[in-house]
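Heavy atoms only: backbone and side chains are in, while hydrogens, waters and symmetry mates are out. Naming: A, B, ... by sequence-line order, numbering from 1 per chain.
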Amino acid sequence: MSVPVYLRVAIPSPLRRTFDYLPPQSPPAAAALQPGIRVRVPFGRQEVVGVLLETGTHTDLEPGQLRQALALVDDTPVLPPDLLQLCRWVSDYYQHPLGEVVSTALPALLRKGEAADPGGETVWGLTAEARGLPETAFKRAPKQAALFRALLARGQLGRAELEALELSRNAVKALADKGLVSEQTRPPTPPARADDPLREAPLALNPEQQAALDQLRYQAFNTYLLEGATGSGKTEIYLQAIQAVLSLGRQALVLVPEIGLTPQTIGRFERRFAVAIAVLHSGLTDRERLQAWCDTASGRARIVIGTRSAIFTPLPEAGIIIVDEEHDPSFKQQDGVRYSARDLASVRASRQDIPLILGSATPALETLHNAMHQRFQHLRLTRRAGSARAPQIALLDIRRLPLQEGFSPAMLAEIEATLARREQVLVFINRRGFAPTLICHDCGWVAGCNHCDARLTVHQYPPHLHCHHCDHQRPLIQQCPQCFSRQLQQVGLGTERSELFLQQCFATTPIHRIDRDSTRRKNALAKVLEDVQRGDPCILVGTQMLAKGHHLPRVTLVAIVDADSGLLSTDLRGPERMGQLLIQVAGRAGRAERPGRVVIQSHHCDHPLMQLLVTRGYQAFARQLLAQRQLSGMPPYRYLALLRAESKRPENAIDFLTEARRLAQQLQPASPQLHYLGPLPALMEKRNGRFRYQLHVNAAARRDLHRLLQRLCRQLEANPLSRRVRWAVDVDPQDMT
DNA sequence: AGCACGCCGACT
DNA sequence: GTCGGCGTGCTC
C-alpha cells in the first residue's frame with residue numbers, strides 16, 4: 001500500500017499561502033509529479049491552473065478539507081527547478097504571494113493552461129490554386145503582388161520574415177480571404193551546430209576592449225560592470241562574450257530596456273550568429289511569446305534577447321546573462337510583483353554559477369556603489385570606437401533671455417548654423433503632446449483629469465486633451481467651462497509644439513517628430529530613421545525615445561531645450577535620471593567622423609550638480625549624488641521599502657497604513673537602525689480614480705528590514721482593514737510616484 | 001483577485 | 001414588486 005501523497009500547489013491569487021490537493025484520479029506515476037508542472041485544480045467555485053511546488057506525505061488539513069486536483073497539465077516542468085527557486089526567492093525578497101510570482105514568470109498562454117509545446121511556428125504559404133497564378137498577378141494591388149512573389153520564391157513565411165521583408169499583414173489577410181494563402185505550421189528549426197556559431201567574423205577590438213574581454217571568465221559566477229560611453233563598443237564585447245559562451249555549448253540571455261529593443265540591435269545579433277535567436281518583447285502576441293519561450297526552454301534557441309520579463313525564461317544550458325543599459329528604470333516592474341530584472345539577473349547568475357555583465361554609459365548609483373566596493377569587477381571603455389570624438393557639452397544660461405516657444409536666440413542660431421553646414425540636429429524635449437497645460441487666462445481654471453491629480457496635456461495632432469497617467473481623453477475645448485471665457489491658453493512646451501515652431505523657423509528643412517504618438521504606426525520609426533540615415537540636413541524633435549540605442553551618425557548638434565525639470569524634481573532619483581538622460585542624449589551626437597556638440601538650456605547653469613555633470617562627467621556627478629545619499633541615509637547606504645496602499649475612499653488607505661505602522665512599530669520600534677515615515681500621500685495622490693498613500697520603512701540593515709516586512713505582511717493579510725484597499729510592498733523602490 | 005451571498009435604494 | 005449597489009467572507 002502506498003502512502004497517500006499530497007500536492008502542494010501555488011495558486012494565482014493574492015493569498016500568501018499554498019494549497020494542498022489530492023492527486024488527480026487515475027493516479028499518475030510518482031515520477032510524473034515533478035515540481036514545476038502545472039496542475040488544473042478546483043479553487044473555491046472556480047477552476048484554476050496552478051503550479052506544483054512539491055509533493056508531501058503530510059498536510060495540516062483534515063482529510064475532508066482536501067479536494068482533488070483535476071489533471072496534470074504537463075509532463076515536464078514549465079518551471080524547471082532553478083526557476084522555481086528563483087520564484088521562491090522573489091516571493092520572499094519582495095514579499096509578494098508566491099502564486100502571483102509564479103504566474104508572472106509564465107507566458108500568458110501557459111498561465112491559462114495551454115500546452116507548453118506549440119510544435120512549430122505558424123507560417124503562411126500559397127495554396128495550390130495560388131501557385132498556378134502567373135508571377136505578374138495582382139497588378140492593381142502592389143502589396144499583395146509583393147507578398148505573392150515573395151511566397152513564390154520562399155515557399156512559406158513566418159511573421160518575423162514578413163516583417164523583415166516589409167510585407168503587409170493586411171495583404172496576407174486579403175490573400176487568405178481569397179483562399180490563396182493558408183496558415184500552415186512549420187516544424188521547429190533544428191538546433192544549430194554549436195561548433196560554428198558564427199555567421200560573420202567578429203570585429204577587431206581596440207586594446208581597451210580587448211583588455212575588458214580578456215577579464216571575462218565564463219565558468220563561474222562573477223559580475224562585471226562594463227562602463228563605456230555611447231559608441232565605445234560595449235555591444236561588440238557582448239557579442240564576443242556570447243560567442244565564447246556559445247562555443248562552450250551554452251545559451252546566452254540578454255536583457256535590454258523596453259524601448260531599446262530596436263530592429264538594429266536584433267539585426268546585429270542575427271548577422272553575427274548562425275544560431276537561433278529568440279526575441280521577447282512587449283510587441284509580441286501571446287502566441288509568439290509562447291513560441292519564443294518554447295524555443296529557449298527546449299534549447300533550440302541559443303540566444304534570448306528580451307525585456308524585463310525575459311529574466312524568467314527557462315534556459316536549460318544558461319551560460320551568461322547580459323543586462324544592457326542596466327540603469328534603465330524599465331528593468332523594475334512597477335505593478336504587481338515589483339521585481340528588478342537586473343537584480344534577479346544577479347541572483348540567477350549566482351545560483352547557476354555563470355557570469356553576469358551589466359553594461360551602461362551611466363551606471364545606476366547602486367551599481368557604481370557595488371563596483372566601488374569590489375563586489376563587481378569594473379571594466380571601463382573610455383574611448384569611442386573608430387575616429388569619433390566625444391561631444392563637447394555647453395551650458396546655455398537662458399535667464400532673462402527672450403524665449404520663443406522655449407528656444408533662446410542663441411539656440412536657434414546654433415541650429416541654423418548646423419543646418420547651414422548641411423548637418424543634422426536633434427532637439428530633445430522630454431514631453432510629448434503640444435502643451436502640458438491648458439489654462440483660462442480670465443479665471444485661472446486649469447484643465448485637469450477627473451481621475452488623477454494631473455493636468456491634461458493638449459494635443460493638436462489630432463486635437464484633444466489627454467491624461468498621460470490614466471489615458472483618459474477629452475475633446476479640446478475652446479471655452480472655459482467655469483467662466484465661459486474664450487481666452488484659453490496653452491502653456492508650456494511639448495514635442496508637437498516644438499515641431500510646429502521649428503517648421504516655421506526652418507521652412508525648407510524637414511522636421512521629424514519622434515515620440516510615442518508619432519511612432520504609433522508600425523514601422524513609422526524605422527521609416528524616419530531610414531530617411532535620417534541618408535544624411536540630408538534635418539531636425540529631429542523627440543522625447544527620450546530618441547535617447548536610446550539609435551545610431552544617428554549625421555547628428556552633430558543635440559539641443560536640450562529644458563534641463564531644469566529633472567534637476568528640480570523632488571523624486572529620490574530625479575537628479576540621477578536627469579544626469580543619465582542628458583548623457584544618453586548627448587551620446588547621440590557626433591558618432592561618425594564629425595565632432596558633436598551638445599547645448600543645454602537651463603535657468604540653473606550654476607547648479608553644482610549641473611556643473612559637475614558638464615565639466616567633470618557622469619562619474620564625478622554620480623559620486624556627488626552618492627555622497628548625498630549617504631548623508632541623507634538613503635539607498636544604497638541604507639535599505640528602503642514602501643508599503644503602498646490605494647483605495648477609492650482615501651480614508652481606507654490612510655487607516656490601513658496607520659494601522660500598519662502601529663503593527664510594525666510593535667514588532668520593531670523605531671530606532672536609528674529602522675525608521676518609519678508616513679502614511680504619506682504618493683507624489684500623485686490620486687491616480688486612475690484611486691487615492692494612493694505609502695508608508696516608508698528605512699533600515700540600516702537589509703536583514704532587519706526583511707524580517708520586519710515578513711512578519712508585518714503576515715499580520716496585515718489577516719487584518720480586516722486590508723480588505724478595503726489594494727496594498728503591496730515595494731522593496732528597493734525606484735520612485736515614490 | 002474572483003466569486004457568491006446578503007441586505008437596502010430607485011426603477012421597468 | 002425587482003435590478004443592482006458594494007460590504008463581507010471564503011478559497012486546500
Provide, to the nearest angstrom, the distance between the [atom1] atom belonging to [X] and the [atom2] atom belonging to [N].
X: A:Arg111; N: B:dG2; atom1: CZ; atom2: P; answer: 12 Å
X: A:Asn652; N: C:dC6; atom1: CG; atom2: P; answer: 13 Å
X: A:Leu721; N: C:dT8; atom1: CG; atom2: P; answer: 10 Å
X: A:Tyr21; N: C:dT11; atom1: OH; atom2: P; answer: 10 Å
X: A:Glu717; N: C:dC10; atom1: CD; atom2: C1'; answer: 12 Å
X: A:Glu100; N: B:dA1; atom1: CD; atom2: P; answer: 8 Å
X: A:Lys112; N: B:dA1; atom1: NZ; atom2: P; answer: 19 Å
X: A:Ile11; N: B:dG2; atom1: CD1; atom2: C1'; answer: 13 Å

- Look at A:Asp735 together with A:Lys332 and state whether they make a salt bridge at an N to O cut-off of under 4.0 Å.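 Judged by the 4.0 Å cut-off on N to carboxylate O distance, A:Asp735 and A:Lys332 do not form a salt bridge.
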- Query: In terms of side-chain heavy atoms of A:Phe43, which of B:dA4, C:dT11, C:dT8 is nearest?
  - Reply: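 It is C:dT11.
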- Item | Proximal nucleotide (of B:dC3, B:dA1, C:dC12) relative to the A:Leu15 side chain |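 Of all the options, the side chain of A:Leu15 is nearest to B:dA1.
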- Return no unless some side-chain N or O of A:Arg45 is found under 4.0 Å from OP1 or OP2 of B:dA4.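 No, no such contact exists.
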- Give a yes/no on whether any side-chain N or O of A:Arg726 is located under 4.0 angstrom from OP1 or OP2 of B:dA1.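 Result: no.
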- Message: Quick check: on DNA chain C, is the nucleotide nearest A:Leu66 upstream (toward 5') of the one nearest A:Arg723, or the reverse? Name the residue that is more 5'.
- Response: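 Checking each residue's closest nucleotide, the 5'-ward one belongs to A:Arg723.
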- Task: Would you indicate what A:Pro42 reaches in the nucleic acid, counting non-hydrogen atoms under 4.0 angstrom: base, sugar-phosphate, or nothing?
- Result: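 Contact class for A:Pro42: sugar-phosphate only.
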- Task: Determine the contact category for A:Arg8: base if any of its heavy atoms lies under 4.0 Å from a base atom, sugar-phosphate if only primed atoms, P, OP1 or OP2 are that close, otherwise nothing.
- Result: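 Nothing: the residue A:Arg8, judged by heavy atoms under 4.0 Å, touches no strand.
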- For the pair A:Lys686 and A:Glu646, evaluate salt bridge (Lys or Arg N to Asp or Glu O under 4.0 Å) and give the outcome as yes or no after the intermediate values. CA-CA 9 Å; A:Lys686 184 181 171 200; A:Glu646 55 179 61; over 6 Å; no
- Describe, in one word, how the ring planes of A:Phe656 and A:Trp727 are oriented to each other, choosing from parallel (under 30°), tilted (30 to 60°) and perpendicular (over 60°).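 Rings of A:Phe656 and A:Trp727: tilted, 30 to 60°.
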- Report the relative orientation of the aromatic rings in A:His466 and A:His464; use parallel for angles under 30°, tilted for 30 to 60°, perpendicular for over 60°.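 Judged by the thresholds at 30° and 60°, the geometry between A:His466 and A:His464 is tilted.
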- Item | Ring centroid separation A:Tyr6 to A:Tyr21 under 6.0 Å |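 No; A:Tyr21 has its ring centre 6.0 Å or more from that of A:Tyr6.
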